[in-house]
Amino acid sequence: MNIITFIRAHKTTPVSDLLPILQQYNKKITTKSIHLALVGLFFHHHQNLNSRRLYELMRWLNQKFAALPSTSNVEANLSKIRQIVKAKWGYDSVEYRKSQTHLVFDPAQKQKNIADYNKRVFERNEHCQPIKVSLINRLLAYKDSDDYKKQMVYLLLNSGARFHELFTGVWALDPDNEHNVLLSNIAKTRDKTRQISKPLLDKDPTTFLAILNEIKNMSEESTHSMANTFLQKELGESTYFLRKCFANYAYYLLDDPTVAKTTYLSRILGHEIHNESTATCYQGYYIEVGVTQ
């Protein structure tokens with residue numbers, strides 16, 4: 001029985017009864033999770049379908065996922081199927097765009113899940129180290145200094161860049177956002193052509209790029225050492241601390257509870273795509289407002 005005949009035969013089968021049926025249909029599906037079983041069905045049977053039948057399979061899967069309790073598992077596994085489509089047909093393909101149409105998680109539930117997740121993150125980190133807004137503003141004011149160490153602190157804090165990226169990254173104005181800069185040749189990423197839009201805390205990309213161009217003429221190794229020595233003396237921290245300040249303050253300024261913090265941090269910090277777990281190590285801080293430094 002081909003996959004289209006199978007899904008048509010089980011169009012009205014309750015999702016609660018579907019797991020053993022899927023396992024009988026395809027012996028490779030051995031998981032005890034109906035979520036993973038549905039992903040496995042797509043993974044094993046999508047390859048040779050024409051577009052019309054591919055979309056029919058997507059719609060059937062969406063119907064079954066929609067019948068499950070609306071949890072983050074549903075959203076995550078719908079995303080897994082979309083990634084399978086992207087890997088086969090490409091990011092700009094019609095098939096991938098259709099997957100975003102036919103595999104859609106309930107928007108209201110997604111917003112609730114994100115709010116619940118952000119609440120859990122806050123509760124987990126509420127006893128962690130505070131980052132004072134007054135401290136951030138004081139360090140951002142270093143952009144007016146003639147001391148290259150202070151300018152380096154400004155660049156790192158303002159952009160959240162890794163130190164190496166200041167020298168090797170490809171930086172430009174973002175034509176779509178006057179407060180952001182574009183960065184490619186991102187460190188610790190395989191695709192050096194990938195470009196991200198980074199918010200700047202002071203929302204002044206022209207000044208940022210002007211100072212950055214001057215710093216690039218200096219020695220990366222010596223300036224890194226001097227910047228770390230300066231920060232250790234001033235704050236008892238290394239340049240890595242500035243990246244943590246940037247991440248948390250950028251999310252604070254975003255002020256959008258519908259956006260998951262881990263997802264947002266992963267994107268603006270330039271982590272590998274779909275590797276959001278790395279961003280959790282930046283969340284051991286919270287922004288403290290109205291406290292003098």
Side-chain angles (χ1 to χ4, degrees), residues 76 79-80 82-83 86-87 90-91 117 121 125 128-129 131 136 139-140 148-149 151-174 176-177 179-202 205 208-209 211-213 215-232 235 237-254 259-285:
S79 178
K80 285 180 183 178
R82 290 195 296 270
Q83 295 313 309
K86 183 168 73 170
Y91 179 83
Y117 172 79
V121 169
N125 294 331
C128 294
Q129 182 176 345
I131 298 174
I136 293 176
L139 298 180
L140 288 177
Y148 76 89
K149 296 186 293 297
Q151 289 181 332
M152 194 69 69
V153 169
Y154 159 76
L155 293 172
L156 292 167
L157 173 62
N158 197 26
S159 67
R162 301 176 178 93
F163 198 93
H164 185 58
E165 289 170 343
L166 293 181
F167 291 85
T168 62
V170 178
W171 299 84
L173 295 171
D174 185 345
D176 298 320
N177 191 321
H179 302 310
N180 288 18
V181 289
L182 298 176
L183 171 64
S184 58
N185 196 32
I186 302 167
K188 298 185 179 181
T189 188
R190 290 183 292 270
D191 182 5
K192 296 303 182 182
T193 64
R194 178 165 67 96
Q195 188 178 63
I196 61 172
S197 178
K198 292 178 72 66
L200 294 179
L201 300 186
D202 72 348
F208 172 85
L209 292 176
I211 296 175
L212 176 61
N213 287 334
I215 291 294
K216 280 192 171 186
N217 295 322
M218 305 181 71
S219 164
E220 178 183 347
E221 183 177 353
S222 63
T223 50
H224 194 182
S225 175
M226 292 299 290
N228 269 322
T229 300
F230 173 76
L231 274 176
Q232 185 62 40
L235 305 177
E237 298 283 357
S238 70
T239 54
Y240 184 46
F241 172 69
L242 300 177
R243 188 164 160 87
K244 295 176 180 178
C245 291
F246 163 81
N248 285 277
Y249 196 50
Y251 185 74
Y252 170 81
L253 293 176
L254 179 68
V259 178
K261 186 174 184 180
T262 302
T263 302
Y264 183 70
L265 297 194
S266 181
R267 184 167 73 244
I268 65 174
L269 290 172
H271 294 158
E272 285 280 15
I273 297 174
H274 310 307
N275 181 22
E276 297 181 0
S277 60
T278 306
T280 57
C281 67
Y282 290 85
Q283 298 185 51
Y285 298 81

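Not a single donor-acceptor pair under 3.5 Å links the side chain of S266 to the backbone N or O of T263. Side-chain atoms of R243 come within 3.5 Å of backbone atoms of L269 as a donor-acceptor pair (strictly under, hydrogens ignored). Distance alone, capped at 3.5 Å, is enough to place a donor-acceptor pair between the K192 side chain and the I186 backbone. In this structure a side-chain-to-backbone donor-acceptor pair under 3.5 Å is missing from N158 to F208. At least one donor-acceptor pair under 3.5 Å links the side chain of K198 to the backbone N or O of S159.
The SG atom of C245 lies 9.0 Å from the CG atom of L201; values are rounded to the nearest 0.5 Å. To the nearest 0.5 Å, the span separating OG1 on T223 from CZ on F167 amounts to 3.5 Å. Separation of atoms CG (L231) and CZ (F241) is listed at 9.0 Å; rounding is to 0.5 Å. The structure places CZ of F230 at 13.5 Å from CD of E237, a figure rounded to the nearest 0.5 Å. Considering CG of N228 and CE of M152, their distance stands at 10.5 Å, rounded to 0.5 Å. The CD atom of Q151 lies 12.0 Å from the CG atom of L156; values are rounded to the nearest 0.5 Å.
Within 6.0 Å of OH on Y252 lie no more than 12 heavy atoms contributed by other residues, nucleotides or ligands. Applying the 6.0 Å contact sphere to NZ of K188 captures no more than 12 heavy atoms from other residues, nucleotides or ligands.
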Criterion side chain to side chain contact (heavy atoms under 4.5 Å, CB included) on L182 and I196, from CA distance to verdict: CA-CA 6 Å; L182 298 176; I196 61 172; over 6 Å; no
Verdict with reasoning, N213 to W171, per side chain to side chain contact (heavy atoms under 4.5 Å, CB included): CA-CA 10 Å; N213 287 334; W171 299 84; over 6 Å; no
Derivation and outcome, side chain to side chain contact (heavy atoms under 4.5 Å, CB included), residues F246 and Y251: CA-CA 9 Å; F246 163 81; Y251 185 74; over 6 Å; no
From CA spacing to verdict: side chain to side chain contact (heavy atoms under 4.5 Å, CB included), I131, Y249: CA-CA 8 Å; I131 298 174; Y249 196 50; over 6 Å; no
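Exactly one of L183, N185, T189 qualifies for a side chain to side chain contact (heavy atoms under 4.5 Å, CB included) with R194. That residue is T189.
For the 3.5 Å distance criterion, the side chains of Q83 and K86 qualify, holding a donor opposite an acceptor.
In this structure N180 satisfies the side-chain contact (heavy atoms from CB on, under 4.5 Å) test together with D174, N177, S197, P199, sequence neighbours excluded. Under the ring pair (Phe, Tyr, Trp, His ring centres under 6.0 Å) criterion, Y148 pairs with no residue at all, not counting sequence neighbours.
Shortest non-hydrogen contact noted between L200 and P205 is CD1-CA, 3.4 Å. In terms of heavy atoms, L212 sits closest to L166 at CD1-O, 3.4 Å. In terms of heavy atoms, M226 sits closest to K149 at O-CD, 3.8 Å.
In this structure, the ring of H271 has its center less than 6.0 angstrom from the ring center of Y282.
With a 4.5 Å cut-off on side-chain heavy atoms, L235 and L139 count as touching.
Listed by first then second residue, pairs satisfying salt bridge (Lys or Arg N to Asp or Glu O under 4.0 Å) with a partner in residues 151-169 read R162-E165, not counting sequence neighbours.
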